[in-house]
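All chains are named by letter (A, B, ...) in the order of the sequence lines, taking the proteins before the strands, and each is independently numbered beginning at 1.
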Amino acid sequence: MTLALGIDIKLAVAASIVAVVATSTGSGAASVRRGVANTRLGMFLEVATSAGAISGAFLAIALGAQVLVALFGVALVAAIPFMLRPLGAPKNGGAGLVPAILHPSRLRLSGHFEDSKDNLVAYEVHRPGTGFLLSGLAGVVSGLLGIGGGIIKVPTMRGAMGVPMKVAVGTSNFMIGVTAAAAALVFFGRGAVDPVLASTAALGVVVGSRYATRVVERIDTHRLVLVFSAVLALMALSMFLKAGGVLP
Amino acid sequence: MNSPDPAEEQADAPAPPLDARPADLEVVIPKVLRAGLLAAVLLMAGGLLWFALRPPSAGAPFSLVDLPALLGGADPRGVIGAGILILLLTPLARVVASLAHFVREKDRLYAALTSIVILNLAAAIALGVV
């Protein structure tokens, strides 16, 4: 948005995050209705994403984001291998650093979804502690850059927590509303929301996202992973170019 | 992957653990989200239309605390702002509905987790306007 319209970065971030709330509200509702959002997992991770988003919003208000944008690029590159080759189940059965109350069985995160017609897939969820920390990071990035943060949430759920791709995308859609709203409320309170800019962006994405969720439902999972990995690589490249001053 | 006989496939599959997807929440959540989004879209679109037909001096950004004054002064930006506020409170409404569900189910862990999310969103409002 900054690139295309040449507007103040803070106003752009604030308008963008308001638009993200709108997208996620529509696509989140669709994901839940279609049974591809793990609501329990989403609510658990939202504790971290909402807190992270508030910190990210204040960072965006306080900082010039160049170094942080570069760090974001590093995070995206690091996520690619985990997308392509998920970690699988932890060897010690998930015990260890995680406090007993956050053990996967205690959180009852395992779930199922309909992969294709009449084909139910059950899955386990691993490493809630790691997922929680990375979700906090996703929240910070979301508030800082005015993005949904699915670009980190999806690799976290798929790569570290062992969640199937479609459920990772659906749960991410579901979580982004709360994450982005936390950041957007900070921006709104601080007077960074331009009503005309933000509402125009929000109305625009509502139309676009209705189409996108439908595509994700139909697309082959393997192809979805490849598309997502390619997007990660492209975003990382543009982040590095921005940080290096090649792109504005 | 796709079995020709659905019944056979069902029998082979392990009993699906329903825990992660509370059935009634899966009905309530989309309803709350869609109602909030619809109200927000109508207010934002109506406000923008009004703004376009009768533009005030400028579309300058304003803070949450200015909203009541703008609405009182019949400023189209107030209507747009109200739409944005409803949009931003819609995820909060969804979490509140979830909290009610977990309290009813006596699921203390998730009632606590959703309460923390509500507190975080309240903190976002408070820290923003302070």
Side-chain angles (χ1 to χ4, degrees), chain A residues 11 14 18 21-22 24-26 28-30 32-33 35 38-41 43-44 46-47 50-51 53-54 57-58 101 106-112 115-120 122 125 177-178 180-200 202-203 206, chain B residues 1-3 6 9-10 13-14 16-22 25-26 29-31 33-34 36-37 40-41 44-45 47-48 51 59-66 77 80-81 83-85 87-92 94-95 98 109-110 113-114 116-117 120-121 123-130:
Chain A
L11 296 187
V18 169
V21 177
S24 172
T25 304
V32 172
R33 205 162 34 83
N38 183 328
T39 50
R40 220 174 248 275
L41 174 62
M43 284 172 206
F44 165 59
E46 274 164 10
V47 174
S50 56
I54 295 171
F58 278 107
I101 193 164
R106 193 64 203 279
L107 286 164
R108 290 190 284 152
L109 294 173
S110 59
H112 67 279
D115 187 36
S116 53
K117 195 112 186 92
D118 299 315
N119 186 25
L120 272 185
V125 177
V178 164
L185 285 166
V186 172
F187 286 122
F188 205 0
R190 286 292 157 118
V193 172
D194 180 326
V196 175
L197 183 63
S199 58
T200 310
L203 292 174
V206 164
Chain B
M1 290 286 272
N2 225 342
S3 166
E9 183 67 34
Q10 290 286 349
L18 287 157
D19 271 345
R21 292 175 39 198
L25 265 190
E26 291 203 349
I29 287 173
K31 276 188 189 159
L33 292 178
R34 281 157 170 265
L37 185 62
V41 162
M44 287 190 296
L48 272 176
F51 182 88
F62 63 88
S63 163
L64 194 53
V65 290
D66 306 326
R77 288 176 299 156
I80 302 174
I84 294 175
L85 184 62
L87 178 67
L88 301 188
L89 293 181
T90 298
L92 175 62
R94 185 265 281 172
V95 183
S98 311
L109 179 56
Y110 275 85
L113 290 172
T114 41
I116 298 173
V117 176
N120 282 348
L121 289 171
I125 298 173
L127 290 170
V129 295
V130 164

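The minimum heavy-atom distance linking Pro195(A) with Ile80(B) is given by the pair O-CG2, 3.3 Å. Looking at every heavy atom in both residues, Met44(B) comes nearest to Ala202(A) through CE-CB, 3.9 Å. Annotation for Phe188(A) and Ile84(B): closest pair CE2-CG2, 4.1 Å, computed over non-hydrogen atoms. The two residues Leu185(A) and Leu121(B) have their closest heavy-atom pair at CD1-O, 4.1 Å. The shortest non-hydrogen separation linking Pro91(B) to Val21(A) is CG-CG1, 4.0 Å.
Heavy atoms of Leu88(B) lying under 4.5 Å from chain A belong to its backbone as well as its side chain. With a 4.5 angstrom heavy-atom cutoff, Leu92(B) does not touch chain A via any of its atoms. Of the atoms belonging to Leu87(B), heavy atoms from both backbone and side chain fall under 4.5 Å from chain A. For Leu48(B), the part lying near chain A is the side chain, with the backbone staying farther off; criterion is any non-hydrogen pair under 4.5 Å. With a 4.5 angstrom heavy-atom cutoff, Val41(B) touches chain A via backbone and side-chain atoms both.
A search for side chain to side chain donor-acceptor pair (under 3.5 Å) contacts involving Thr25(A) returns nothing, not counting sequence neighbours.
Taking CD of Glu46(A) as the start and OG of Ser98(B) as the end, the distance is 8.0 Å to the nearest 0.5 Å. For the atom pair CD1 of Ile116(B) and CZ of Phe44(A), the computed distance is 10.0 Å after rounding to the nearest 0.5 Å.
Counting only distance, with no hydrogens or angles, the side chain of Arg190(A) and the backbone of Gly128(B) share a donor-acceptor pair below 3.5 Å. Under a 3.5 Å cut-off, the side chain of Asn120(B) and the backbone N or O of Ala182(A) do not form any donor-acceptor pair.
Taking Gly177(A), Ala198(A), Ala180(A) one by one and counting their heavy-atom pairs under 4.5 Å with chain B, the maximum is reached by Gly177(A). Across Thr200(A), Val125(A), Val18(A), Val178(A), the residue that shares the most heavy-atom pairs under 4.5 angstrom with chain B is Val178(A).
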Next on the checklist: Could you go through Val32(A) and Lys31(B), starting from their C-alpha distance and side-chain angles, then the distance that decides it, and tell me whether this counts as side-chain contact (heavy atoms from CB on, under 4.5 Å)?
Outcome noted: CA-CA 10 Å; Val32(A) 172; Lys31(B) 276 188 189 159; over 6 Å; no
Next on the checklist: Using the rule given for side-chain contact (heavy atoms from CB on, under 4.5 Å), can you reason through Thr114(B) versus Met43(A), listing the C-alpha separation, both sets of side-chain angles and the distance that settles it, and then say yes or no?
Outcome noted: CA-CA 7 Å; Thr114(B) 41; Met43(A) 284 172 206; 3.8 Å; yes
